[in-house]
Amino acid sequence: MDWLIHQIDILSRIFYYLIQTVHWTILISVLAYALALCLGLCFGIMRLSPNRFVRIIAGTYVNVLRGIPLLVLIFFFYFGLGAVVNMDRFVAGVLAVGICYGAYLAETFRSGIQAIDYGQHEAAMSLGMTRWQTLRHIILPQSVRIVVPPAANEFIACLKDSSLVSIIGLRELTRAGREYSSQYFLDFHTWLMVALIYLILTFSLTRLVKLIERKVAVHGYGVEKR
């Protein structure tokens, strides 16, 4: 019984230490994801542009960024570009994660737009709407409902991958775990608690994503309303 109480006491102290850094994990993830959403939408639309040059630019962004590991991007933005323009490690971390996930979201938005029947483009054009008006008033509102579930899942992945910014010294959850384990040599307890906190965060987000999926469900795209 004493052993169990001692273990619970250790885990409680670790939890209190780690929980103070969770807001940094959430802040980095939210800012990076907001950047990724903006980039993803812009480059997703550009991928479908009738202008070949615009399509090449968007395609280059998507293919290059998806082909580079996130950890390498973080190193590049902090140690490479960051050293040239004197970039703060927080900004470098957010930019690296956001730009990386922007490439994945660009493909998500592209597929969402292409999922809308082309007849709707033709119908809007026949009514005298321009390409941009068609996209803004007809296509995007419908495609967003299709894109929301996979895009929300990308946020969960973004939150987990935000742990990689600990490598450049950003004091978020994983970094705090490394500090505690190296200071008190409690590796098993520390990393167990870090994993549990990430699990709680991702599980909560997963439930939220399920709720959003039901709210925006589109019949015929694999998500049914209940």
Side chain to side chain donor-acceptor pair (under 3.5 Å) against Ser126, all qualifying residues, sequence neighbours excluded
none
What distance separates Leu164 CG from Leu71 CG, expressed to the nearest 0.5 Å?
5.5 Å
Between side-chain atoms of residues 40-48 and protein atoms elsewhere (two or more places apart, or another chain), which donor-acceptor pairs fall under 3.5 Å?
residue : atom : partner : partner atom : Å
Arg47   : NE   : Glu107  : OE2          : 3.0
Arg47   : NH2  : Glu107  : OE1          : 3.3
Arg47   : NH2  : Glu107  : OE2          : 3.1

Mind checking whether Ile156 and Val94 sit in one hydrophobic cluster, side chains of I, L, V, M, F, W, Y counted as touching below 4.5 Å?
no
What side-chain donor-acceptor pairs closer than 3.5 Å can you find for residues 199-209, not counting sequence neighbours?
residue : atom : partner : partner atom : Å
Thr202  : OG1  : Tyr198  : O            : 3.0
Thr202  : OG1  : Leu199  : O            : 3.1
Ser204  : OG   : Ile200  : O            : 2.7
Thr206  : OG1  : Thr202  : O            : 2.7

Going by the rule side chain to side chain donor-acceptor pair (under 3.5 Å), which residues pair with Tyr61 if we only count those two or more places apart in sequence or in a different chain?
none
On a heavy-atom basis, which atom in Phe79 and which in Ile168 lie closest, and how many Å separate them?
CE1-CG2, 4.0 Å
If every non-hydrogen atom of Gly112 is compared with every non-hydrogen atom of Val147, which pair is closest and at what distance?
CA-CG2, 3.7 Å
Return each pair, listed once, that meets side chain to side chain donor-acceptor pair (under 3.5 Å) where at least one residue sits in residues 20-46; pairs must be two or more places apart or across chains.
Ser29-Ser162
When rounded to the nearest 0.5 angstrom, what is the spacing between CG in Leu39 and OH in Tyr104?
14.5 Å
Of all the heavy-atom pairs spanning Ala103 and Leu65, show the shortest one and how long it is.
CB-CB, 3.6 Å
Linking I/L/V/M/F/W/Y whenever their side-chain heavy atoms sit closer than 4.5 Å, directly or via other members, would Leu27 and Leu18 fall into one cluster?
no
Could you report the tightest heavy-atom contact between Met87 and Ala92, atom names first, then the distance?
SD-CA, 3.5 Å
Ile14 vs Ile10 side-chain heavy atoms within contact, under 4.5 Å:
yes
Got a sec, which pairs hit side chain to side chain donor-acceptor pair (under 3.5 Å) with one end in residues 63-89, sequence neighbours left out?
Tyr78-Arg89
What distance separates Met193 CE from Leu173 CG, expressed to the nearest 0.5 Å?
10.5 Å
Residues at least two apart in sequence or cross-chain that pass side chain to side chain contact (heavy atoms under 4.5 Å, CB included) with Val97, listed by chain then number, are Ala32, Leu70, Tyr101, Cys158, Val165
Quick one: closest heavy-atom pair of Ser166 and Thr174, and the distance?
OG-CG2, 3.8 Å
Using the test side chain to side chain contact (heavy atoms under 4.5 Å, CB included), find all partners of Val64 that sit at least two apart in sequence or belong to another chain.
Thr60, Ile68
Verify same cluster id: Phe109, Phe155 (apolar side-chain graph, 4.5 Å)
yes
Do the non-hydrogen side-chain atoms of Val194 and Tyr180 ever get within less than 4.5 Å of each other?
no
Shortest non-hydrogen separation from Ser49 to Arg131 and the atoms involved
CA-NH2, 4.3 Å
Rounded to the nearest 0.5 Å, what's the gap from CG on Leu127 to CD1 on Ile138? Could you check?
8.0 Å
Applying a strict under-4.5 Å side-chain criterion to I, L, V, M, F, W and Y, I'd like to know whether Leu35 and Leu159 cluster together.
no
Arg55 atom CZ, neighbour heavy-atom count above 12 within 6.0 Å:
yes
Nearest 0.5 Å, please: how far is CD1 in Ile146 from CD in Gln114?
11.5 Å
Could you state the interatomic distance from CG (Leu140) to CZ (Arg145), rounded to the nearest 0.5 Å?
14.0 Å
Would you please name every residue forming a salt bridge (charged side-chain N to carboxylate O under 4.0 Å, His left out) with Glu122, sequence neighbours left out?
none
Under the side chain to side chain contact (heavy atoms under 4.5 Å, CB included) criterion, do Tyr184 and Thr190 qualify, and how do the steps go?
CA-CA 9 Å; Tyr184 296 99; Thr190 303; over 6 Å; no
In short, salt bridge (charged side-chain N to carboxylate O under 4.0 Å, His left out) pairs touching residues 27-43 with sequence neighbours left out are none
Could you list who else is in Ile8's hydrophobic cluster, with ILVMFWY side chains joined at under 4.5 Å, directly or through other members?
Trp3, Leu4
Sequence neighbours left out, what passes salt bridge (charged side-chain N to carboxylate O under 4.0 Å, His left out) with Arg13? Give chain and number order.
Asp9
Do Phe90 and Ile26 sit in one hydrophobic cluster, given that two such residues count as connected whenever their side-chain heavy atoms are within less than 4.5 Å of each other, even indirectly?
no
If you define the side chain from C-beta out and look only at heavy atoms, does anything of Lys210 sit under 4.5 Å from Pro149?
no
